[in-house]
Amino acid sequence: MPTLYLVATPIGNLEDITLRALRLLGQVSLIAAEDTRTTRKLLNHYGIKARLTSYHEHNKRAKTPLILDALERGDVALVSEAGMPAVSDPGYDLVVAAVAAGVPVVPVPGPSAVVAALAVSGLP
């Protein structure tokens with residue numbers, strides 16, 4: 001069954017991405033991106049040729065059914081502009097719709113601003 005992957009992307013440095021994330025971005029049938037310009041830079045940097053569509057606060061109502069339709073034909077990756085999707089972007093709405101449609105949703109962890117800040121804070 002096709003899967004919706006929530007793929008964490010680099011917060012700043014393009015090299016802060018996992019090998020698993022790169023593999024999946026190259027294999028999915030569609031990437032839904034909060035900011036296609038930022039995502040295109042990442043994909044170009046790694047030579048990934050992928051079908052890309054926008055998915056953001058201003059088009060989520062129109063795009064959610066289209067992405068669910070794409071999930072009937074193959075895996076889809078959701079990426080935010082930086083970091084983990086569905087934390088502070090409309091990815092949450094797509095996750096809810098996918099779960100309601102019976103689509104598996106799988107996180108692909110990556111960089112975390114919170115953990116990085118904690119590590120360098122000096123707190124015990």
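- In terms of hydrophobic clustering, with Ile, Leu, Val, Met, Phe, Trp and Tyr side chains grouped at heavy-atom distances under 4.5 Å, Val28 and Ile17 are assigned to a common cluster.
- By the rule that hydrophobic residues join a cluster once side-chain heavy atoms approach within less than 4.5 Å of another member, Ile48 and Leu14 end up as members of one cluster.
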| field | Chi angles and distances behind the side-chain contact (heavy atoms from CB on, under 4.5 Å) call for His56, Asp89 | value | CA-CA 7 Å; His56 49 71; Asp89 60 45; over 6 Å; no

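- Separating the OG1 atom in Thr9 from the CG atom in Leu6 is a distance of 11.5 Å, to the nearest 0.5 Å.
- By the 4.5 Å heavy-atom criterion applied to side chains, Val76 and Tyr5 are not counted as neighbours.
- Remark: Tyr46 OH is packed, more than 12 non-hydrogen atoms of other residues, nucleotides or ligands lying under 6.0 Å away.
- The same ILVMFWY cluster, assembled from side-chain heavy atoms under 4.5 Å apart, contains both Leu42 and Leu24.
- Taking OG of Ser54 as the start and CD1 of Ile31 as the end, the distance is 13.0 Å to the nearest 0.5 Å.
- Closest of all the heavy-atom pairs between Leu25 and Ala77 is CD2-CB, 3.9 Å.
- Minimum heavy-atom separation, Glu34 to Glu81: OE1-N, 2.8 Å.
- Nearest heavy atom pair, residue Ala97 against residue Leu68, reads CB-CD1, 3.9 Å.
- For the atom pair Leu71 CG and Leu30 CG, the distance stands at 8.0 Å (nearest 0.5 Å).
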| task | Decide side-chain contact (heavy atoms from CB on, under 4.5 Å) for Val105 and Val99; before the verdict, give the C-alpha distance in whole Å, the side-chain angles of both, and the deciding distance to 0.1 Å. | result | CA-CA 7 Å; Val105 178; Val99 169; 4.0 Å; yes

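- The shortest distance between side-chain heavy atoms of Arg73 and Pro2 does not fall below 4.5 Å.
- Taking CG of Leu52 as the start and CZ of Arg37 as the end, the distance is 12.0 Å to the nearest 0.5 Å.
- Residues Leu78 and Pro85 share a closest heavy-atom pair of O-CG, 3.1 Å.
- How far NE2 of His45 is from CG of Leu22: 9.0 Å, rounded to the nearest 0.5 Å.
- Among pairs with a residue in residues 13-28, those fulfilling side chain to side chain donor-acceptor pair (under 3.5 Å) read Arg23-Gln27, at least two apart in sequence or across chains.
- In this structure the side chain of Leu94 never reaches within 4.5 angstrom of the side chain of Lys60, judged on heavy atoms.
- Contact detail for Gly91 and Ala86: the closest heavy-atom pair is C-CB, 3.7 Å.
- Within the 4.5 Å cutoff, the side chain of Pro90 has heavy atoms near those of the Asp93 side chain.
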Output a table of donor-acceptor pairs, distance under 3.5 Å, between side-chain atoms of residues 117-124 and any protein atom two or more places apart or on a different chain; print 'none' if there are none.
residue : atom : partner : partner atom : Å
Ser121  : OG   : Leu118  : O            : 2.8
Ser121  : OG   : Leu123  : N            : 3.1

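- Side-chain heavy atoms closer than 4.5 Å link hydrophobic residues (I, L, V, M, F, W, Y) into clusters, and following such links, possibly through other members, connects Val95 to Ile67.
- Separating the NZ atom in Lys41 from the CG atom in Asp35 is a distance of 8.0 Å, to the nearest 0.5 Å.
- For the residue pair Pro10 and Pro111, the shortest heavy atom distance occurs at CA-CG, 3.9 Å.
- In the hydrophobic cluster analysis, where Ile, Leu, Val, Met, Phe, Trp and Tyr join through side-chain heavy atoms closer than 4.5 angstrom, Val7 is grouped apart from Tyr55.
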